[in-house]
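Every chain is numbered from 1, with letters handed out A, B, ... down the list of sequences. Because only heavy atoms are used, hydrogens play no part in the values below, and waters and symmetry mates are left out as well, while side chains stay in.
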There are 2 protein chains.
Amino acid sequence: MTETGLPASIEAAWGVQRPARGPKRALSLARIVTAAVVVADAEGLDGLSMSRVAAELGTSAMSLYRYVSAKDELLTLMSDAVFGDAAEVTPGADWRTALTELAWGCIRGYRAHPWTVRIPISGPPVTPNQLRWLEAGLAALAPTPLTAAEKMSTLLMLSGLARNDATLAHDIGATGDMMPNYAKALRHLLPQAEFPHLFAMLDTDVMTQDDHPDVEFAWSLDRFLDGLAALITAKSQ
Amino acid sequence: MTETGLPASIEAAWGVQRPARGPKRALSLARIVTAAVVVADAEGLDGLSMSRVAAELGTSAMSLYRYVSAKDELLTLMSDAVFGDAAEVTPGADWRTALTELAWGCIRGYRAHPWTVRIPISGPPVTPNQLRWLEAGLAALAPTPLTAAEKMSTLLMLSGLARNDATLAHDIGATGDMMPNYAKALRHLLPQAEFPHLFAMLDTDVMTQDDHPDVEFAWSLDRFLDGLAALITAKSQ
DNA sequence: GCACTTCTGTTTACGTTATACGCAGCTGTA
DNA sequence: TACAGCTGCGTATAACGTAAACAGAAGTGC
C-alpha cells in the first residue's frame, strides 16, 4: 500500500519506480507476469503455483514476493496482460463499429488465454490495459447523447458480455466432446412431464451440434447493440 | 460415475436412490448442501473447507466424501440450491415479462448468496433448479418465432447478464467503501493526456456515487430485451 | 441363526499450497 | 568508509483436498 491506496505492484505496472537501494534486482514485474502467463497457458490456472512460476524463471517461490505481495496481485496483472491489444479501435469509426471492435478485442484475449475468466475480479479496474479499454469505449460513446452513467453501464455490460461468452466457451466447451452423452443423460434423468420444452430441444441438434462460437457471440452482441441503438436514436430524436 | 455418465451426487439430487445396504446414513446430501451454504454465507467461499462444513454438521471431513466425491460437486450443488425459486414465472405472462422475472430470479439468488459467482461453471446445466429455470425460459419463448438456437442463445445471455451484474456488484461493490479513494488514486496515477474521457468521468459523481444496483441491472436488461424485441417483431413481420 | 456382502463413518497420512520469518550479502548515500 | 536498507534465498508452518485402510453396522441368502 502506498499513497494511492493501491498495491505497489499495480503502481509498478504504471511505471512508478521505487527507491533504488540495495542489490540490482534480478527479476522484473514484467518478466514474472509473462512467465506466469506462459505457465497458465501450458497448465491452466490450477497448475499455476508460485513455485511453478518461480521454476519457470529459475528462482525460488519466495523471490516473487519481492515484486508481488500476494498471488492475487499476480493474477490481476496477468489478467491485464492478456488484454494488451484489446483497446485498439480504427480511428474515426462510429460508436457501433467501435464498440464491436472493443468487444471482439476482449474475445480475442479470452480465446487466446481462456484461464482469464477464472480469475476473480478483485475490484474496480486499475490496471493500464483495462483502463485503456475503458477510455477507448468512452471515446467511442462521446458523440452519443447517453448520460455518463449510461456510458459506464454500456461498457460494463459490453465487457461482461465478452466475459460471459468466454466463460461458456471455456467451461461448457471443455466438456464439448461429451455433448452426445449429455443429451442422453438428460433424457434418462429428467421427468418428461415437467420438462416438455427441454425435451423438444433435445430432439433438435442444438444441444449437441455446437455452432462456431463466434456466431453465438456475434448474435448476442448484435441484440445488445440493437437495443442500445434504439435508445440512442430515441434520445437523439 | 453411473449409467448416465453424471456424478452420483447429481443423480441423487434428482432423487435417484442407491441400494440400501449397510448402516443407516447419518447425513443426507440436502443437509450437507444447506450446511455448506450456511458456511459460505458466513465466511465466504474462501472460508469454505470440507472440514468447516463437517464441523457445522458435527462430523468429520471425510464423512462428506460418502455423499460427494469431490469438493467441486458440492460447489455445483450449492450453486443449484441458491436458485431454488428463480424459475417461478407468473403463468400467462408474455415472453418479455416472463424473461424479466426469470432474470430477476437469478439476481435474487445472487444477491442473497454473492459467493455463487465465484463458483466455476463446471459444465452444461445438469442440476434440477438450473434446468427448471431453462425449461421456464423455453416455455416463455415458445410462442415467439425465434429458432431453437436463438432461444438457447437468449437464455444463455440472460443468465450471463445476471451473473455479470452479480459479479460486478460483489467484487467491485465489496470495495465500495474505498470508492472515493479509487477516484483519487486514478487521478494520481493516470497520465491525463492519454485518458481525457476517463478524467472527465472522474469529475462526475458516477464513479463514486453508486446507484442502487437494481437500477443498473434493469437498464442492462432493458437494452437487451429491446434488441430482442426488435428481432422478434422483424421475424413476425 | 449365521456367514457373507456391502455400505457406513473415521483414522491416518500424503502431497501441495501460500506465505511468514530470518539470514547473509550487496549497494547507494552520507 | 560506514551504515542503513533492500536484496535473494532457505527454511518452517499451517491449512487444504483427498487417497487408502479400517472397524463396525445393516441388510441378504442359505
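Rounded to whole angstrom, the span from the CG atom of B:Leu64 across to the P atom of D:dT18 amounts to 11 Å. Straight-line distance from the CE atom of A:Met62 to the C1' atom of D:dG10: 10 Å, rounded to whole Å. We find that CZ of A:Arg66 is positioned 13 Å from C1' of C:dG25, with the value rounded to whole Å. The CG atom of B:Leu27 sits 11 Å away from the P atom of C:dT8 (whole-angstrom rounding).
Looking only at side-chain heavy atoms (C-beta outward), A:Phe83 and A:Ser159 stay at 4.5 Å or farther from each other.
When all heavy atoms of B:Leu77 and B:Ala13 are compared, the pair lying nearest together is CD2-CB, 3.9 Å. Nearest heavy atom pair, residue A:Cys106 against residue A:Trp133, reads SG-NE1, 3.5 Å.
For B:Ser60, no side-chain nitrogen or oxygen approaches OP1 or OP2 of C:dG9 to under 4.0 Å. One finds no side-chain N or O of B:Tyr65 lying less than 4.0 angstrom from the OP1 or OP2 phosphate oxygen of D:dA20.
The pair A:Arg187-A:Asp203 meets the salt-bridge criterion, since a charged nitrogen lies less than 4.0 angstrom from a carboxylate oxygen. A salt bridge is absent between A:Asp80 and A:Arg132: the closest approach of a Lys/Arg side-chain nitrogen to an acidic carboxylate oxygen does not fall below 4.0 angstrom.
In the region residues 72-79 of chain B, proximity to DNA chain C at under 4.0 angstrom, judged on heavy atoms, holds for none of the residues. For the segment residues 30-58 of chain B, residues with any heavy atom less than 4.0 angstrom from an atom of DNA chain D are, sorted by number, B:Leu48, B:Ser49, B:Met50.
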Please determine whether side-chain hydrogen bond (donor to acceptor under 3.5 Å, both in side chains) holds for the pair B:Trp115 and B:Asp46, giving the CA-CA distance in whole Å, both sets of side-chain angles, and the decisive distance to 0.1 Å.
CA-CA 9 Å; B:Trp115 41 263; B:Asp46 292 334; over 6 Å; no
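Between the side chain of A:Thr76 and the backbone N or O of A:Asp72 there is at least one donor-acceptor pair closer than 3.5 Å.
The environment of A:Lys71 atom NZ is dense: over 12 non-hydrogen atoms of other residues, nucleotides or ligands sit within 6.0 angstrom.
Map B:Arg25 and B:Ala61 each onto its nearest nucleotide of DNA chain C; the residue landing nearer the 5' end is B:Arg25.
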